[in-house]
Amino acid sequence: VGLLGLPNAGKSTLIRAISAARPKVADYPFTTLHPNLGVVRVDAEKSFVMADVPGLIEGAADGAGLGIRFLKHLQRTRILLHLVDIAPIDPDADPVRDAKAIVGELVKHDPELANKPRWLVLNKLDLIPEEDREKAIKDFLKAYKKATKYDGPVFPIAAISGEGTKPLIYAIQEALEQMARPEVDDESETADSEDA
């Protein structure tokens, strides 16, 4: 599973919250300089690897920032988690525009990568007053879906406290198991051809 998102979206914080990995976390962009891998244990028998890839920025596909060096790491993943800071401190930040820019970088770098299953993870819920959270999520999704035609899963979380991360990791595990299961038709065709 690959984590995508702008610097400071909370990718390192999420990987710390759900795995034993201990990437450096700080409140400035480009804290993460190397991809971090964390094993996420769902239960005693089930786990998956999550890759925290250093922050993409607009222009990464053209070589800006660290993005181009690390976009290739995402090609090995089966699911991309697109982390979005839904409560940016910067008053000029626009989460919808920023999220759209990341998708644009993926498409530019590698359309095949952009076609991988991509789930939206709205992070930093803890920075929004509880009574305003539902509206903030709804407003973001309305604008984002209109701009990108996104219709995949959405997980609102607060990575720093772990809030909302359990449903996310269980859904990931289930999706990965579904992807690993061979189609029943394929098995019967293989069995027939082996007998022949």
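For this chain, numbers begin at 1 and follow the sequence in order.
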Evaluation steps, side-chain contact (heavy atoms from CB on, under 4.5 Å), between Ser19 and Val39: CA-CA 6 Å; Ser19 78; Val39 175; 5.7 Å; no

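- Judged by distance alone, with hydrogens and angles left aside, the side-chain atoms of Lys11 form a donor-acceptor pair with the main-chain N or O of Gly5 at under 3.5 Å.
- A distance-only check finds a donor-acceptor pair linking the side chain of Lys116 to the backbone of Thr77 [under 3.5 Å].
- Residue Leu83 forms a side chain to side chain contact (heavy atoms under 4.5 Å, CB included) with just one option from Leu14, Ile102, Leu122, and that option is Leu14.
- Separation of atoms NZ (Lys124) and OG1 (Thr13) is listed at 7.0 Å; rounding is to 0.5 Å.
- Hydrophobic clustering (ILVMFWY, side-chain heavy atoms < 4.5 Å, transitive): Leu127 and Phe140 are in distinct clusters.
- Contact between Phe155 and Ala171 at its shortest, heavy atoms only, is CZ-CB, 3.6 Å.
- Note that CD1 of Ile79 is 4.0 Å distant from CG of Leu176, once rounded to the nearest 0.5 Å.
- Of all heavy-atom pairs spanning Ala136 and Ile128, the tightest one is CB-CD1, 3.8 Å.
- A heavy-atom distance below 4.5 Å is not found between the side chains of Leu141 and Tyr150.
- Taking every heavy atom of both residues into account, Thr165 and Ile157 meet most closely at N-CG2, 4.2 Å.
- The environment of CG in Asp151 is sparse: at most 12 heavy-atom neighbours from other residues, nucleotides or ligands sit within 6.0 Å.
- Counting all heavy atoms, side chain and backbone alike, Gly10 lies closest to Ala159 at O-CB, 4.4 Å.
- Smallest separation of non-hydrogen atoms from Gln173 and Val42: OE1-CG2, 3.4 Å.
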Full working for side-chain contact (heavy atoms from CB on, under 4.5 Å) between Val121 and Leu3: CA-CA 10 Å; Val121 180; Leu3 294 179; over 6 Å; no

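- One hydrophobic cluster, built from ILVMFWY side chains closer than 4.5 Å, cannot hold both Ile160 and Ile18; they sit in different ones.
- Gln178 and Glu174 form no side-chain donor-acceptor contact under 3.5 Å, judged by distance and modelled atom types alone.
- With rounding to the nearest 0.5 Å, the separation of CG in Asp98 from CD1 in Ile86 is 12.5 Å.
- In this structure, the side chain of Asn123 engages the main chain of Ala9 through a donor-acceptor pair within 3.5 Å.
- Contact detail for Asp126 and Arg133: the closest heavy-atom pair is CA-NH2, 3.6 Å.
- Heavy atoms from other residues, nucleotides or ligands lying under 6.0 Å from CZ of Arg41 number 12 at most.
- The closest donor-acceptor contact from the side chain of Arg118 to the backbone of Leu80 lies at 3.5 Å or more, if one exists at all.
- The local environment of CD in Glu131 is crowded, with over 12 non-hydrogen atoms from other residues, nucleotides or ligands closer than 6.0 Å.
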From CA spacing to verdict: side-chain contact (heavy atoms from CB on, under 4.5 Å), Val103, His82: CA-CA 9 Å; Val103 175; His82 184 172; 3.9 Å; yes

Worked check of side-chain contact (heavy atoms from CB on, under 4.5 Å) between Ile172 and Leu81: CA-CA 10 Å; Ile172 291 169; Leu81 295 186; 3.7 Å; yes

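- Formation of a donor-acceptor pair under 3.5 Å by the Tyr144 side chain with backbone atoms of Leu120 is not found in this model.
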